[in-house]
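Let me begin by presenting the structure, written as C-alpha cells, before commenting on it.
What you are looking at is a predicted structure, and each value in this text was computed from that prediction instead of being measured.
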Amino acid sequence: TVDELKKDVREKLEKAADSKAENDRRVAAIDKAAENASMDIPEAMVEDRIDQMLREFAMRLEQQGMKFEQYLQLSGGDMTKLRDQYRETAEKNVRTDLMLEAVAKAEHIEVSDDDIRTEIAMMAQLYNATPAQVQKIVRQQGRLSDLAITVMRRKTAKFIVDHLAE
C-alpha cells in the first residue's frame, strides 16, 4: 500500500541520515585529532601522496574515456598547478596517517589475520568476487601490506572515536 511505501521510504531516509551523522562525527573526531597532533610532515611523503592522488585521478578519467593529457589540454592547466591544487589535501592526509600510526603504536593496535580475512571478504562482496579471488589479486599485486595498513588505520580511527565517546 501507499502507507507502507511511505513508511519504508521514511525508515530508509532516517537510517541514511543517522549513518551520515555518525560518519560526519567520526570524520570530525579524526580531523580534530590530526589537527592537534604536533609533528613534522616530511615533504617526500606529501609528494608521494600527491603522486598517488594524481594516479587515482588519471584512472578515474580513463574510466570515463578521457586521457590525463587530454584533461590537462582541455582544462588549460599544467602539472605544476594541478600538483599545487592537491597539496593541501595531501598534507592533511599525510598528517592524519602519521597521527593514526602514532596512536596505533602507542595503544598497541595490531592487525590480525582475522582482520585481513574480514577486509578481504568485504572487498569481495563489494566487487562481486570471491574472497579467494580478491586475496589472489591482492597478493599478486603485492598489496597485502597496504591492506594491513588500511585496516590498522581504520581500527585506530574507531579506537579514537570510541574513546571520545567515553
* Asked: Does the side chain of R60 pick up a donor-acceptor pair with the side chain of Q63 at under 3.5 Å?
  ->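 No donor-acceptor contact under 3.5 Å links the two side chains.
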* Do we see a donor-acceptor contact under 3.5 Å between the side chains of D115 and S112? ->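 Yes, S112 and D115 have a side-chain donor paired with an acceptor closer than 3.5 Å.
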Hydrophobic clusters here meaning ILVMFWY residues chained together by side-chain heavy-atom distances under 4.5 Å, can you tell me if [X] and [Y] are in one?
| X | Y | result |
| --- | --- | --- |
| M45 | Y86 | yes |
| I137 | L144 | no |
| F57 | M59 | no |
| I41 | M53 | yes |
| M39 | I149 | no |

Donor-acceptor contact present, side-chain [X] to main-chain [Y], <3.5 Å:
| X | Y | answer |
| --- | --- | --- |
| E91 | E88 | no |
| Q133 | T130 | yes |
| Q70 | K67 | yes |

Carboxylate-amine/guanidinium proximity below 4.0 Å for [X] and [Y]:
| X | Y | answer |
| --- | --- | --- |
| E110 | K155 | no |
| K7 | D3 | no |
| E101 | R153 | yes |
| D84 | K81 | no |
| R87 | E43 | yes |

If you compare all heavy atoms of [X] against all heavy atoms of [Y], which two are closest, and at what distance to 0.1 Å?
| X | Y | value |
| --- | --- | --- |
| V46 | A90 | O-CB, 4.0 Å |
| T156 | A104 | OG1-CB, 3.3 Å |
| L147 | V138 | CD2-CG1, 4.3 Å |
| A121 | P131 | CA-CG, 4.3 Å |
| P42 | L98 | CD-CD1, 4.1 Å |
| I109 | M152 | O-CG, 4.3 Å |

Surrounding [atom1] of [X] (heavy atoms of other residues, nucleotides or ligands, distance under 6.0 Å), is the total greater than 12?
| X | atom1 | value |
| --- | --- | --- |
| D113 | CG | no |
| E47 | CD | yes |
| Y127 | OH | no |
| N128 | CG | no |

[Y] and [X], any side-chain heavy atoms less than 4.5 Å apart:
| X | Y | answer |
| --- | --- | --- |
| L72 | D78 | no |
| L74 | M66 | yes |
| E119 | M123 | yes |
| L82 | I50 | no |
| L126 | M122 | no |
| Q73 | F68 | no |

* Asked: Could you walk me through whether R49 and Q52 pass the side-chain hydrogen bond (donor to acceptor under 3.5 Å, both in side chains) check?
  -> CA-CA 5 Å; R49 183 58 56 95; Q52 176 188 355; 3.3 Å; yes
* To do: Could you walk me through whether K12 and D8 pass salt bridge (Lys or Arg N to Asp or Glu O under 4.0 Å), step by step?
  => CA-CA 6 Å; K12 286 180 181 175; D8 185 51; 3.3 Å; yes
Rounded at 0.5 Å granularity, tell me how far [atom1] in [X] sits from [atom2] in [Y].
| X | Y | atom1 | atom2 | value |
| --- | --- | --- | --- | --- |
| K105 | L100 | NZ | CG | 15.0 Å |
| R143 | Q135 | CZ | CD | 15.5 Å |
| L61 | E69 | CG | CD | 10.0 Å |

